[in-house]
Amino acid sequence: NYIAISRDDVFVQLANPAFDAATFEIWGALTQGASLVLPHSNMVLEAEEIEAVLTDHQVSVLFLTRALFDSVYSDSPDMFGALKYLMVGGEALTPSIMNRLVSQSVRPQHILNGYGPTESTTFTTTYECQLSEGSVPIGQPINGRQVY
């Protein structure tokens, strides 16, 4: 109930396969018939290399941890403009950075805060980011989950 994936979508696996985010990247693509890009194993997660992968493979769905997102966004704020979905999570999002992204004319169609402890395998709640005066909300539970 938080993301609509089709066979036309392209994911990229940036997370280490041992990290819970890889579950979303790998199975999110493969169970929906979407494409999955596996970058070179020696790829350094820096803005220039990520931007090249996004452009070269026409990636439409991307998940980044908040720390990595903040870092690459500051180096290349327009790199996410062609995305259908950008999901950021792992820690509380930086409101000032998210407000800048949401306000850009060239931006992803959907910007989601993906929240959840590792034990829930990636996300428990999601929130479609909007301009915010305070912290970015964690949103509503995904299907099949309850939040207390």
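Computed over heavy atoms, backbone and side chain alike; hydrogens, waters and symmetry mates excluded.
Between the OG1 atom in T126 and the CD1 atom in I3 there is a gap of 9.0 Å [rounded to 0.5 Å]. Taking CZ of R107 as the start and CZ of R100 as the end, the distance is 14.5 Å to the nearest 0.5 Å. Note that CD1 of I142 is 13.0 Å distant from OH of Y115, once rounded to the nearest 0.5 Å. Note: I5 CD1 to R7 CZ = 13.0 Å, rounded to the nearest 0.5 Å. Atoms CD and CE, from E48 and M79 in turn, are 9.5 Å apart once rounded to the nearest 0.5 Å. Taking CG of L38 as the start and CD of Q13 as the end, the distance is 5.5 Å to the nearest 0.5 Å.
Under the rule for a ring-ring contact (aromatic ring centres under 6.0 Å, His included), the partners of Y73 that lie at least two apart in sequence or sit in another chain are F69. Under the salt bridge (Lys or Arg N to Asp or Glu O under 4.0 Å) criterion, E91 pairs with R66, sequence neighbours left out. Remark: T94 pairs with D70 by the side-chain hydrogen bond (donor to acceptor under 3.5 Å, both in side chains) rule, at least two apart or across chains. When the side chain to side chain contact (heavy atoms under 4.5 Å, CB included) test is applied to Q130, the partners found at least two apart in sequence or on another chain are Y127. Scanning for side-chain hydrogen bond (donor to acceptor under 3.5 Å, both in side chains) contacts around Q146 gives Y148, with sequence neighbours left out. Taking the side chain to side chain contact (heavy atoms under 4.5 Å, CB included) definition, one finds that V106 meets it with nothing, sequence neighbours left out. In this structure E51 satisfies the side-chain hydrogen bond (donor to acceptor under 3.5 Å, both in side chains) test together with S76, sequence neighbours excluded. Every residue was checked against the side-chain hydrogen bond (donor to acceptor under 3.5 Å, both in side chains) condition with N16, not counting sequence neighbours, and none meets it. Residues satisfying the side chain to side chain contact (heavy atoms under 4.5 Å, CB included) criterion with P108, sequence neighbours excluded, are F80, L83, L86, L101, I111.
Formation of a donor-acceptor pair under 3.5 Å by the N113 side chain with backbone atoms of P137 is found in this model.
Taking the side chain as every heavy atom from C-beta outward, I26 and L30 approach each other to under 4.5 Å. The shortest side-chain heavy-atom distance between L64 and L45 does not fall under the 4.5 Å cut-off. Side-chain contact check for M87 versus V61: every heavy-atom pair is 4.5 Å or farther apart. Side-chain contact between L93 and C129 is present, with at least one heavy-atom pair separated by less than 4.5 Å. Put simply, the side chain of L131 reaches to within 4.5 Å of the side chain of S103, judged on heavy atoms.
For the residue pair V12 and P39, the shortest heavy atom distance occurs at CG2-CG, 3.7 Å. Closest non-hydrogen pair, S132 versus S135, comes out as OG-O, 3.2 Å. Between S6 and K84, the shortest heavy-atom distance links the atoms OG-NZ, 4.4 Å. A22 approaches A15 most closely through the heavy-atom pair N-CB, 3.7 Å. The heavy-atom pair separating P141 from V147 by the smallest distance is CG-CG2, 3.6 Å.
Residue pairs meeting the ring-ring contact (aromatic ring centres under 6.0 Å, His included) criterion with at least one partner in residues 82-109, sequence neighbours excluded, are Y85-H110. The side-chain hydrogen bond (donor to acceptor under 3.5 Å, both in side chains) analysis of residues 27-38, with sequence neighbours excluded, yields no pairs. Judged as a side-chain hydrogen bond (donor to acceptor under 3.5 Å, both in side chains), the pairs with a partner in residues 54-65 (not counting sequence neighbours) are, in order, D9-S60.
Linking ILVMFWY residues whenever their side-chain heavy atoms come closer than 4.5 Å, directly or via other members, places V37 and V72 in the same cluster. Transitive grouping of hydrophobic side chains (ILVMFWY, heavy atoms separated by less than 4.5 Å) keeps L36 and L14 in distinct clusters. Placement of I50 and L112 in two distinct hydrophobic clusters is found when ILVMFWY residues are connected by side-chain heavy-atom separations under 4.5 Å, directly or transitively. Hydrophobic clustering (ILVMFWY, side-chain heavy atoms < 4.5 Å, transitive): L54 and M43 are in one cluster.
For F123 and F63, the ring centers sit closer than 6.0 Å to each other.
The number of heavy atoms from other shown groups lying within 6.0 Å of CD (E128) is above 12.
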